[in-house]
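Reviewing the structure listed below.
Every value quoted in this text rests on a predicted model; they were computed, and no experiment measured them. For reference, positions follow the sequence shown, starting with 1. All values below come from the heavy atoms of this structure, side chains included, with hydrogens, waters and symmetry mates left out.
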Amino acid sequence: MVDFNRFTLANGLRVLVHEDTTTPMAVLNILYDVGARDEDPEKTGFAHLFEHLMFGGSVNIPNYDEPLQRVGGENNAFTSNDITNYYITLPAENIETAFWLESDRMLNLAFSEKSLETQINVVSEEFKQRYLNQPYGDIWLKLRPLAYKKHAYRWATIGKELSHIEDAKMSDVKAFFNKHYNPQNAILVAGGNVKTEDVKKLAQKWFEPIPSGEKYNRNLAQEEQQTEARFETVKANVPLNAIYIAFKMPGRLSEDYYAFDLLSDILSGGKSSRLHNSLLKEQQLFSDINAYISSSLDPGLFIVEGKLVEGVSIESAEAAIWAELEKIKTQLVDADELTKVKNKVESVLVFSEMSLLDKAMNLAYYELLGDADILNQEAAKYLKVSAEDIQRISKETFDKNSSSTLYYLTEENA
């Protein structure tokens with residue numbers, strides 16, 4: 001159980017406070033309700049570029065890291081297709097430094113051509129190293145546009161193509177900042193050895209003077225029902241042939257989300273899971289096999305991916321995956337098997353409540369979902385999932401006509 005208090009500033013900034021007197025530390029976490037899905041299809045990668053730009057200094061604080069290091073603090077950030085999240089951990093007695101730093105860059109980010117050029121180079125290099133020059137690195141650059149035809153999930157967080165980052169203009173960058181980085185599009189969480197009243201005073205002092213900005217109303221094109229199987233073959237300099245099969249699944253707020261999460265664990269959560277047992281150990285078709293979900297806010301993807309053992313044909317490997325999916329559609333999951341994956345999920349949830357930073361990030365994320373208290377109801381929702389639920393969603397989802405399959409072949413096998 002994660003306790004918290006909540007208030008909203010006059011400019012629309014939502015603030016949550018988690019008091020924990022057992023630690024000398026504090027966390028300040030700011031979630032901005034902007035991700036790669038909010039980008040212009042011709043100017044992608046901006047949400048991630050901003051994650052870097054936000055560390056390039058603000059008008060009153062040219063070097064973001066220096067004052068933070070002086071008070072024993074650390075910071076980082078991450079971007080997804082749905083959100084951008086920034087966090088600072090530091091001794092609780094110095095928390096005002098975190099309020100000062102975060103408020104100044106929300107109000108006065110320094111837009112210098114030098115900073116923009118530097119970060120464009122950094123992100124471009126990341127694009128090349130992680131996505132273009134690494135074996136299987138461009139999977140999401142291929143699989144997303146295969147699975148999505150209309151929704152903005154059709155490009156990865158890094159961007160659709162390198163030129164979008166390289167050609168980023170200062171005017172575009174400023175417009176993106178003004179549209180998304182404002183108090184009413186953000187959720188602030190302060191956690192640790194802090195008191196709600198003190199946090200309220202600090203929030204009012206540092207954040208309330210910031211203009212609320214214009215309200216951004218998201219209106220994204222939604223996918224139509226997929227009725228035909230989609231296929232794409234890629235050949236590249238990779239060590240092993242691989243296969244990726246993607247299915248659509250409901251978004252994060254669906255009641256069925258929990259069943260899908262458990263289903264992915266039944267199929268590939270550990271060495272006793274179905275895909276690992278059958279396809280890797282017994283049949284020895286794959287050297288590596290996984291099933292997982294994208295956990296997207298809008299309808300996401302359920303993915304089965306595997307790297308084949310050398311000499312195994314793509315056809316036999318793919319048929320073996322489908323045989324396992326058919327099994328879970330036609331036979332109810334054993335009670336013990338379901339209990340085992342539920343216990344595992346429950347222990348992960350409990351473990352995530354031990355870290356102060358995890359608690360702060362989770363509170364912000366669940367508040368974005370509609371109510372931070374959803375965090376405290378998660379375990380019960382997983383425990384409620386029945387074997388019948390698993391079978392029902394499997395039948396609804398594992399249909400060849402709604403699958404998108406990417407064959408990733410070694411150059412000699414292509």
Side-chain angles (χ1 to χ4, degrees), residues 31 33-39 41 44-45 47-48 51 78-85 130-131 136-160 218 220-226 230 232 242-269 273 275 288-306 321 325 328 341 345 348-349 352 361-362 365-366 368-369 374 378 381-382 385 390 393-394 396-399 402-406 408:
L31 181 154
D33 183 9
V34 56
R37 65 177 176 162
D38 299 303
E39 296 162 347
T44 63
H48 176 249
E51 179 200 313
F78 64 86
T79 315
S80 74
N81 287 74
D82 294 316
I83 63 168
T84 310
N85 194 82
R130 285 184 55 195
Y131 295 84
Y136 316 102
D138 60 351
I139 282 302
W140 286 105
L141 303 182
K142 309 282 187 193
L143 193 56
R144 281 187 175 278
L146 184 64
Y148 291 103
K149 297 302 176 189
K150 288 194 167 182
H151 194 284
Y153 284 160
R154 65 186 185 274
W155 57 84
T157 311
I158 194 74
K160 199 191 285 186
R218 189 175 279 113
L220 303 178
Q222 296 302 309
E223 283 296 296
E224 289 167 6
Q225 182 76 30
Q226 186 178 333
R230 296 171 187 161
E232 189 179 333
I243 185 168
Y244 301 79
I245 309 175
F247 304 90
K248 301 287 189 330
M249 64 166 278
R252 186 62 186 78
L253 281 167
S254 165
E255 280 298 313
D256 279 339
Y257 169 84
Y258 304 93
F260 276 97
D261 199 10
L262 291 173
L263 173 57
S264 70
D265 281 350
I266 289 166
L267 287 173
S268 89
S273 63
L275 297 180
D288 185 42
I289 183 112
N290 290 293
Y292 54 92
I293 60 175
S294 62
S295 297
S296 310
L297 290 179
D298 288 339
L301 297 177
F302 188 106
I303 294 136
V304 179
E305 64 164 60
I321 289 174
L325 299 182
I328 209 155
V341 293
V345 166
V348 168
L349 288 171
S352 75
M361 288 197 291
N362 283 337
Y365 180 70
Y366 285 98
L368 179 70
L369 290 183
I374 300 171
E378 289 290 84
K381 288 180 178 176
Y382 280 106
V385 174
I390 299 289
I393 64 163
S394 300
E396 290 167 1
T397 306
F398 299 141
D399 177 352
S402 55
S403 66
S404 300
T405 306
L406 182 68
Y408 208 108

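- Within 6.0 Å of atom NZ in K149, more than 12 heavy atoms from other residues, nucleotides or ligands are found, so the atom counts as buried in its surroundings.
- The two residues W140 and A156 have their closest heavy-atom pair at CB-CB, 4.3 Å.
- No donor-acceptor pair under 3.5 Å is formed between the side chain of S294 and the backbone N or O of G300.
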### Message
Show, in sequence, the C-alpha distance, side-chain angles and deciding distance for I393 and M249, and conclude whether the side-chain contact (heavy atoms from CB on, under 4.5 Å) test is met.
### Response
CA-CA 9 Å; I393 64 163; M249 64 166 278; over 6 Å; no

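- In this structure, the side chain of E223 engages the main chain of K150 through a donor-acceptor pair within 3.5 Å.
- Minimum interatomic distance between S403 and F247 (heavy atoms only, all atoms of both residues): CB-CE2, 3.7 Å.
- Considering all non-hydrogen atoms of both residues, T157 and H48 come closest at O-CB, 3.6 Å.
- Smallest separation of non-hydrogen atoms from Y153 and R144: O-NH1, 2.9 Å.
- Side-chain atoms of D138 and Y408 include a donor-acceptor pair closer than 3.5 Å.
- Not counting sequence neighbours, E255 has no partner by the salt bridge (charged side-chain N to carboxylate O under 4.0 Å, His left out) test.
- Using a 4.5 Å heavy-atom cutoff, the side chains of P41 and R154 are in contact.
- Atom CZ of R218 is surrounded by more than 12 heavy atoms from other residues, nucleotides or ligands within 6.0 Å.
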Atom pairs and distances, side-chain donor-acceptor, residues 260-269, under 3.5 Å, sequence neighbours left out:
unit_1	atom_1	unit_2	atom_2	d
D261	OD2	Y382	OH	2.5
S264	OG	D261	O	2.7
S268	OG	A291	N	2.8
S268	OG	A291	O	3.1

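- Scanning both residues, Q222 and P299, for their nearest heavy atoms gives OE1-CD, 4.3 Å.
- With K248 contributing its side chain and A147 its backbone, the two residues share a donor-acceptor pair below 3.5 Å.
- Here the closest heavy-atom approach between residue D38 and residue D33 is recorded as OD2-O, 4.1 Å.
- L325 has its side chain out of reach of T397: every pair of non-hydrogen atoms, C-beta onward, lies at least 4.5 Å apart.
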### Query
Checking side-chain contact (heavy atoms from CB on, under 4.5 Å) for the pair R252/D82: CA distance, chi angles, key distance, verdict?
CA-CA 11 Å; R252 186 62 186 78; D82 294 316; over 6 Å; no

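- Note that the OG1 atom of T79 and the CD atom of E51 stand 3.5 Å from one another [nearest 0.5 Å].
- Going from atom CG of L301 over to atom OG of S295 covers 11.0 Å, rounded to the nearest 0.5 Å.
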### Task
Kindly determine whether I328 and F398 satisfy side-chain contact (heavy atoms from CB on, under 4.5 Å), including the steps that lead there.
CA-CA 10 Å; I328 209 155; F398 299 141; 4.0 Å; yes

### Message
Checking L297 against L369 for the side-chain contact (heavy atoms from CB on, under 4.5 Å) test, could you report, in this order, the C-alpha distance in whole Å, the side-chain angles of both residues, the deciding distance, and whether it holds?
### Response
CA-CA 8 Å; L297 290 179; L369 290 183; 3.2 Å; yes

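- With hydrogens and angles disregarded, a donor-acceptor distance shorter than 3.5 Å links the side chain of E39 to the backbone of A47.
- In this structure the side chain of L143 never reaches within 4.5 angstrom of the side chain of E305, judged on heavy atoms.
- The main-chain N or O of K160 is found under 3.5 Å from a side-chain atom of T44 such that the two form a donor-acceptor pair.
- In the model, Y148 has no side-chain atom that pairs as donor or acceptor with a side-chain atom of S404 under 3.5 Å.
- Remark: I83 CD1 to Y365 OH distance equals 6.5 Å, nearest 0.5 Å.
- Atom CD1 of residue I158 and atom CZ of residue R130 lie 6.5 Å apart, to the nearest 0.5 angstrom.
- The CD1 atom of I139 lies 12.5 Å from the OH atom of Y131; values are rounded to the nearest 0.5 Å.
- One distance of note links OG of S296 with OH of Y257; it measures 9.0 Å at 0.5 Å rounding.
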